[in-house]
Every structure is written in C-alpha cells, then in structure tokens.
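Numbers for residues simply follow the sequence, beginning at 1.
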Amino acid sequence: MNLKYFDHILKHLPVIFACVLLGALARVAFLYKGVDDYTANIIFWCVSALFIVVYASIVLFLDGIIVLFRKIFPKKNNSKNSTVDFIQTNNHENIIIAQKKIFDDNTANQLIEDSKEKIEEQTIEKVNLESIRKTQLQQKQQFESEKLQVAVDYTRNQFALYLKDEDLDALCDAVNLYSIKEDILNNNSVYTKDLTNLDLYHFGWNIWNHFRPIKQEEVSKLLKNVFVSLDDIDLESIKSHLKDEPKKGIIKIQENLADYQKT
C-alpha cells in the first residue's frame with residue numbers, strides 16, 4: 001500500500017473510531033429506553049454516519065479555508081518578489097548601460113589615442129621622407145658635381161698642351177653647359193694646334209659617352225660651336241665620325257673617363 005494513503009488512514013482512523021463509539025453509545029441509550037434491536041442498529045449506523053459526515057464537512061471546510069489563504073498570501077509574497085525582480089532587472093539594465101557607456105568611452109579614448117599615434121607616425125614618416133629626399137638630392141648633386149669634375153679634368157689633361165689658357169677655359173665652360181643641357185653659343189673661338197679633326201671627334205664621343213643619355217647631336221653642336229676647324233662641317237657629318245678609328249690620333253676613344261683619370 002502507498003505510504004501516503006496509509007498516512008491518511010492513520011490520520012482519520014481515530015476520528016472514525018470515535019464516531020463509531022458515539023454511534024454505539026447512542027444504540028445503548030436507545031436500548032436502555034426500550035427500543036428494539038433493529039431500531040437500535042439503525043440508530044447506531046445513522047449516528048455513526050452523521051458524525052462521520054460532520055467530520056468530513058469540517059475537514060473539507062478547513063481545507064477550503066487553507067487553500068484560500070494560500071491563494072491570498074502567496075500573491076502578496078509573489079508581488080514582493082516581483083518588485084524585487086523588477087528592481088534587480090532595473091539594476092541589471094543600469095549596470096549594462098553603465099558598462100556600455102564605459103566601453104564606449106574607452107573605445108572613443110582608444111580611437112583618439114590611435115588617431116594621435118597615426119598622426120605622429122605620419123608626421124615621422126613625412127619627416128623621414130623629407131630627410132630621404134634631401135639626402136638623395138645631396139647625393140645626386142654630389143654625384144653630378146664629381147662627374148662634371150672628372151670631365152673637366154679630362155678636358156684639361158687632353159688639351160693642356162694644345163690650347164691657350166683662355167681657350168681651355170672656354171672649352172671647359174662649354175663642357176659644363178653641355179652637362180646641364182644648356183645651349184652653347186656659336187662663337188668658334190677655340191683654335192687647336194697639332195690636333196686633327198679626328199682627335200676632336202674622339203674627344204666629343206668621350207664626353208658624350210661620359211654624360212649619357214644626352215643625344216650625340218648635342219655633343220656635335222658643342223664641337224661645331226667651339227672649335228674653329230669644325231665650323232664648316234655639318235652636324236650629321238660630325239656625328240657620323242665621332243668614333244672613327246678609335247685607336248688612332250692623339251686623343252683616343254676612352255670608354256670610361258674615370259678609369260682614364262686613374263691611369
């Protein structure tokens with residue numbers, strides 16, 4: 001048998017026993033008054049049943065009252081719990097909002113810091129680029145200056161025995177103008193002695209090769225505009241003879257003027 005049912009039986013058994021006892025007392029009382037056994041038995045059962053019904057009614061009534069109280073009082077408790085839950089929910093929402101605000105502030109601050117760092121990096125990069133440009137420009141200028149000096153020294157070495165000082169200076173000035181792609185005036189002022197046109201052609205080719213990639217037409221103009229002996233020769237003819245017989249003459253074809261300076 002289920003223990004739950006057994007507990008109910010044990011709980012109500014004394015009351016039922018009491019009701020039966022009262023019924024038995026009523027039967028004895030009516031027999032004492034002269035009622036027959038049949039009528040006394042009916043009275044016994046009726047009295048017992050009546051008390052049992054009354055007991056059951058009282059139990060049901062009390063159960064109804066208890067259920068009613070349980071419905072009323074738990075609602076109050078639930079209302080309190082709901083209030084507490086609402087407060088906790090609000091607190092939780094406030095905490096979330098506060099955390100979100102802190103996160104947004106931190107994000108904004110981080111973005112500002114990143115922006116500052118980026119600006120600083122760009123400034124540093126710009127400064128570095130300017131420094132690089134300045135360094136490269138200085139290196140380029142130095143390279144061009146050294147390259148021009150090699151050409152001028154070569155020119156002086158080749159023509160020192162064959163030109164007057166003022167003519168040699170004029171020739172070096174013409175080489176300088178040629179190196180920076182400036183126009184050379186047609187003054188035909190330089191006279192040479194003991195040098196042939198082949199020597200002048202070789203000199204022109206060596207200067208052109210040294211300052212490449214300037215076109216050969218430009219060095220042909222230099223030769224024609226500076227040397228009197230080439231005044232009557234057209235540019236195309238000068239250009240076509242620049243590298244004739246490279247091993248002949250006083251001035252020979254020199255592939256690298258820097259190497260010539262070393263020798």
Contact summary for K193 and L161, nearest pair of heavy atoms: CE-O, 4.0 Å
Tell me, please, which residues at least two apart from D232 pass side chain to side chain contact (heavy atoms under 4.5 Å, CB included). none
Taking the six-membered ring where the residue is Trp, are the ring centres of F227 and Y191 under 6.0 Å apart? no
Considering only heavy atoms from C-beta outward, does the side chain of L177 approach that of D183 to under 4.5 Å? no
Side chains of L163 and V190: closer than 4.5 Å at any heavy-atom pair? yes
Tell me yes or no: between the side chains of Q142 and E146, is some donor less than 3.5 Å from an acceptor? yes
If you measure from the Lys or Arg side-chain nitrogens to the Asp or Glu carboxylate oxygens, is any gap between K215 and E218 under 4.0 Å? no
How close do N197 and S229 get, heavy atom to heavy atom, and via which atoms? OD1-OG, 3.2 Å
Measure the shortest side-chain to side-chain distance between T192 and L200 over non-hydrogen atoms and say whether it is less than 4.5 angstrom. yes
If you measure from CG on N186 to CG on D231, what distance do you get to the nearest 0.5 Å? 6.0 Å
Any side-chain donor paired with an acceptor under 3.5 Å for S189 and D167? no
Go through N128 and S131 one step at a time and tell me if the side chain to side chain donor-acceptor pair (under 3.5 Å) criterion holds. CA-CA 5 Å; N128 290 337; S131 177; 6.0 Å; no
Validation row: Y162, I251 side chains within 4.5 angstrom (heavy atoms): no
Rounded distance [0.5 Å steps], CD in Q158 versus CG in L171: 11.0 Å
Quick check for you: to the nearest 0.5 Å, what is the distance between H210 atom NE2 and E255 atom CD? 13.5 Å
Just so I know, are the side chains of V175 and Y154 near enough to count as touching, which here means a heavy-atom distance under 4.5 Å? no
Given the rule in the salt bridge (charged side-chain N to carboxylate O under 4.0 Å, His left out) test, do E130 and R133 qualify, once you have shown the distances and angles that lead to the verdict? CA-CA 5 Å; E130 291 298 330; R133 290 192 185 100; 3.2 Å; yes
Lys/Arg N to Asp/Glu carboxylate O, D169 vs R156, below 4.0 Å: yes
Beyond-backbone contact of T196 with Y201, side-chain heavy atoms, under 4.5 angstrom: no
Between N206 and Q254 (side chain of the first, backbone of the second, donor and acceptor by atom type, cut-off under 3.5 Å), is there such a pair? yes
Please test N176 against V152 for side chain to side chain contact (heavy atoms under 4.5 Å, CB included), starting from the C-alpha separation and ending with a verdict. CA-CA 8 Å; N176 184 24; V152 171; 5.6 Å; no
Would you say the side chain of I207 lies within less than 4.5 Å of the side chain of T155, judging by non-hydrogen atoms? yes
Looking at S145 and Q141, would you say the former's side chain and the latter's main chain have a donor-acceptor pair under 3.5 Å? no
Work out which heavy atom in S179 is nearest to a heavy atom in I214; give both atom names and the distance. O-CD1, 4.3 Å
Examine the side chains of S237 and D234 and answer whether a donor and an acceptor come within less than 3.5 Å of each other. no
Which heavy atom of A151 sits nearest a heavy atom of L257, and at what distance? CA-CD1, 4.4 Å
Do F211 and V219 pass the side chain to side chain contact (heavy atoms under 4.5 Å, CB included) test, and can you show the C-alpha distance, the side-chain angles, and the key distance before you say yes or no? CA-CA 10 Å; F211 288 109; V219 79; over 6 Å; no
Please name the pair of heavy atoms, one in P246 and one in K243, separated by the smallest distance, quoted to 0.1 Å. CD-O, 3.6 Å
Do the side chain of K252 and the main chain of G249 share a donor and acceptor less than 3.5 angstrom apart? yes
Run the side chain to side chain contact (heavy atoms under 4.5 Å, CB included) test against I65 and tell me which residues pass, sequence neighbours left out. F61, F69
Should L50 and I58 be counted in the same cluster of Ile, Leu, Val, Met, Phe, Trp and Tyr side chains packed under 4.5 Å apart? yes
Spacing of D199 atom CG and F159 atom CZ [to the nearest 0.5 Å]: 8.0 Å
For Q216, enumerate each residue passing the side chain to side chain contact (heavy atoms under 4.5 Å, CB included) test, keeping only those at least two apart in sequence or located in another chain. W205, W208, K239, L242
Would K221 and I184 count as a side chain to side chain contact (heavy atoms under 4.5 Å, CB included) here? Give the steps. CA-CA 8 Å; K221 290 179 182 179; I184 301 171; over 6 Å; no
In Å and rounded to the nearest 0.5 Å, what is the CG to CD1 distance from D37 to I42? 11.5 Å
Consider only side-chain N and O atoms of H241 and D244, and report whether a donor and an acceptor are under 3.5 Å apart. yes
To the nearest 0.5 Å, tell me how far L198 CG sits from F203 CZ. 14.0 Å
Report yes if some heavy atom in the side chain of I233 is under 4.5 Å from a heavy atom in the side chain of K224; otherwise report no. no
